[in-house]
Peer 1: 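Attaching a single structure in structure tokens format; questions to follow.
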Amino acid sequence: MIPQPFTIFDLPLHLLDNYTDWLIAQIQQQQGVHVVTLNAEMSMQADTNPDLANVIQQAELVIPDGAGVVLYLRLRGKRVQRCPGIELAESLIRRSPAVEGEGKAASLFFYGGSPGVAQQAADQWQSQLPSLAIAGVQHGYLSADEYQDLCATLAAKQPAIILVGLGVPRQEFWIHEHRHLCPQSIWIGVGGSFDIWAGTKTRAPQWLRDNHLEWTYRLYQEPWRWRRMLALPKFAWRALWHG
């Protein structure tokens, strides 16, 4: 099971039938992975931000998170299913108790979000999966001393899966700069997933997700995002005309 490489606007994309199985295999083999969940908005940010493009190009796994990316692939004869980052993270969380590494279940670390939100998210998962091994939880608003403590904790505990909810592109830069602390870990930028798991926000209804319209629900919840959403028609135009 080897990811099939593809390119979208000079950015890498890796196609697999089952991303969770592949990541579980990497955990068992103690192979570190930076997972990037690529959507149209991020790809357009990378178009004007060479540093972000460089981070994406160095990631071991870039998955088709957004509907725009799936459209781009279909226009080029690749029919794939969208793989939302939140669903990939959920799948890994559910399977982590059964993943043995050095005689123990794969552990998780939750980092990011507003104070209290990551803890609520972790508590919700712990209530669903009592055997879940949570190595630590930390919100994303840290003092200098707390930040140093976070880095020391990660280096000491070496969690198998590290979920980083700092938003795009901050989380991608943060993972790129800090993954040396846990070189054998799976690092995933999960955006606002902690809010969903904690219950402070809700995902779009299933029918919107099935019709690639989840972005409309996010815009409804966060109208301030409208400027960022302007990237979507730009992406669509480039998808139609890019060679």
Side-chain angles (χ1 to χ4, degrees), residues 1-6 11-38 54-65 83-112 118 121-122 125-126 128-138 140 147-166 168-191 193-194 197:
M1 183 169 55
I2 300 174
Q4 179 186 357
F6 203 80
L11 298 175
L13 196 65
H14 305 104
L15 306 181
L16 276 170
D17 290 332
N18 193 311
Y19 291 103
T20 303
D21 283 352
W22 188 82
L23 288 172
I24 292 295
Q26 305 316 298
I27 294 172
Q28 293 169 333
Q29 296 167 23
Q30 298 184 332
Q31 297 291 323
V33 178
H34 177 187
V35 181
V36 171
T37 58
L38 188 68
N54 181 59
V55 168
I56 297 171
Q57 287 161 358
Q58 293 189 50
E60 287 81 9
L61 187 66
V62 183
I63 67 173
D65 176 286
C83 182
I86 186 172
E87 295 177 12
L88 177 62
E90 289 172 353
S91 179
L92 275 177
I93 291 172
R94 290 192 179 98
R95 290 184 57 182
S96 65
V99 180
E100 297 295 328
E102 297 183 355
K104 57 185 179 181
S107 59
L108 295 104
F109 199 99
F110 295 70
Y111 169 53
W125 277 111
Q126 191 78 77
Q128 295 179 46
L129 301 168
S131 60
L132 194 65
I134 297 179
V137 179
Q138 182 57 268
Y147 184 77
Q148 292 301 317
D149 289 343
L150 167 65
C151 293
T153 299
L154 287 172
K157 295 196 172 183
Q158 297 294 310
I161 302 166
I162 303 171
L163 306 175
V164 182
L166 298 176
V168 177
R170 184 183 169 202
Q171 63 195 18
E172 281 68 40
F173 286 125
W174 195 89
I175 291 172
H176 183 72
E177 293 168 4
H178 293 85
R179 58 179 300 194
H180 68 278
L181 296 171
C182 305
Q184 297 175 345
S185 299
I186 305 298
W187 299 72
I188 308 178
V190 295
S193 298
F194 295 160
W197 297 336

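Here, residue 1 is the first one in the sequence, and each next residue gets the next number.
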Peer 1: For residues Leu13 and Ile63, report the shortest heavy-atom separation together with the two atoms involved.
Peer 2: CD1-C, 3.8 Å
Peer 1: Can you check ring pair (Phe, Tyr, Trp, His ring centres under 6.0 Å) on Tyr111 and Trp174, steps first, answer last?
Peer 2: CA-CA 11 Å; Tyr111 169 53; Trp174 195 89; 4.8 Å; yes
Peer 1: How long is the span from the CG atom in Asp17 to the SG atom in Cys83, to the nearest 0.5 Å?
Peer 2: 11.5 Å
Peer 1: Can you tell me how the ring of Phe110 sits relative to the ring of Phe194, calling it parallel under 30°, perpendicular over 60° and tilted otherwise?
Peer 2: tilted
Peer 1: Within this structure, what is the CD1-NE2 distance for the pair Ile56 and His34, rounded to the nearest 0.5 Å?
Peer 2: 8.5 Å
Peer 1: What's the shortest heavy-atom distance between Ala89 and Val190, and which atoms?
Peer 2: CB-CG1, 4.0 Å
Peer 1: CG of Leu154 to CG of Leu181: how many Å apart, nearest 0.5 Å?
Peer 2: 6.0 Å
Peer 1: Out of curiosity, Ile162 CD1 to His178 NE2, how far, rounded to the nearest 0.5 Å?
Peer 2: 11.0 Å
Peer 1: Under 3.5 Å, side chain of Thr153 to main-chain N/O of Asp149, donor-acceptor pair present?
Peer 2: yes
Peer 1: So, do Ile86 and Trp197 sit near enough that their side-chain heavy atoms are less than 4.5 Å apart?
Peer 2: yes
Peer 1: Hey, what do you get for CG (Leu129) to CZ (Arg95), rounding to the nearest 0.5 Å?
Peer 2: 13.0 Å
Peer 1: So, does Ser107 use its side chain to make a donor-acceptor pair with the main chain of Ala133 at under 3.5 Å?
Peer 2: no
Peer 1: Any side-chain heavy atom of Ser96 within less than 4.5 Å of one from Leu132?
Peer 2: yes
Peer 1: Rounded to the nearest 0.5 Å, how far apart are CD1 of Ile161 and CD1 of Ile27?
Peer 2: 4.0 Å
Peer 1: So which atom in Leu166 and which in Gly112 form the shortest heavy-atom distance, rounded to 0.1 Å?
Peer 2: CD2-CA, 3.8 Å
Peer 1: Examine distances only and state if a side-chain atom of Gln26 and a backbone atom of Trp22 form a donor-acceptor pair shorter than 3.5 Å.
Peer 2: yes
Peer 1: Given 3.5 Å as the limit, does a donor-acceptor pair link the side chain of Ser91 with the main chain of Leu88, or not?
Peer 2: no
Peer 1: Within the structure provided, determine whether Ile188 and Ile175 are in side-chain contact (heavy-atom separation under 4.5 Å).
Peer 2: no
Peer 1: Which residue in the set Val35, Leu61, Val36 passes side chain to side chain contact (heavy atoms under 4.5 Å, CB included) when paired with His14?
Peer 2: Leu61
Peer 1: Are Trp187 and Cys182 close enough that some pair of their side-chain heavy atoms sits under 4.5 Å apart?
Peer 2: yes
Peer 1: What pair of heavy atoms forms the shortest contact from Val137 to Ile134, and how long is it?
Peer 2: CG2-CG2, 3.9 Å
Peer 1: Does Gln171 use its side chain to pair, donor to acceptor, with the backbone of Gly191 at less than 3.5 Å?
Peer 2: yes
Peer 1: Evaluate the side-chain proximity of Leu108 to Pro159: yes if any heavy-atom separation is below 4.5 Å, no if none is.
Peer 2: no
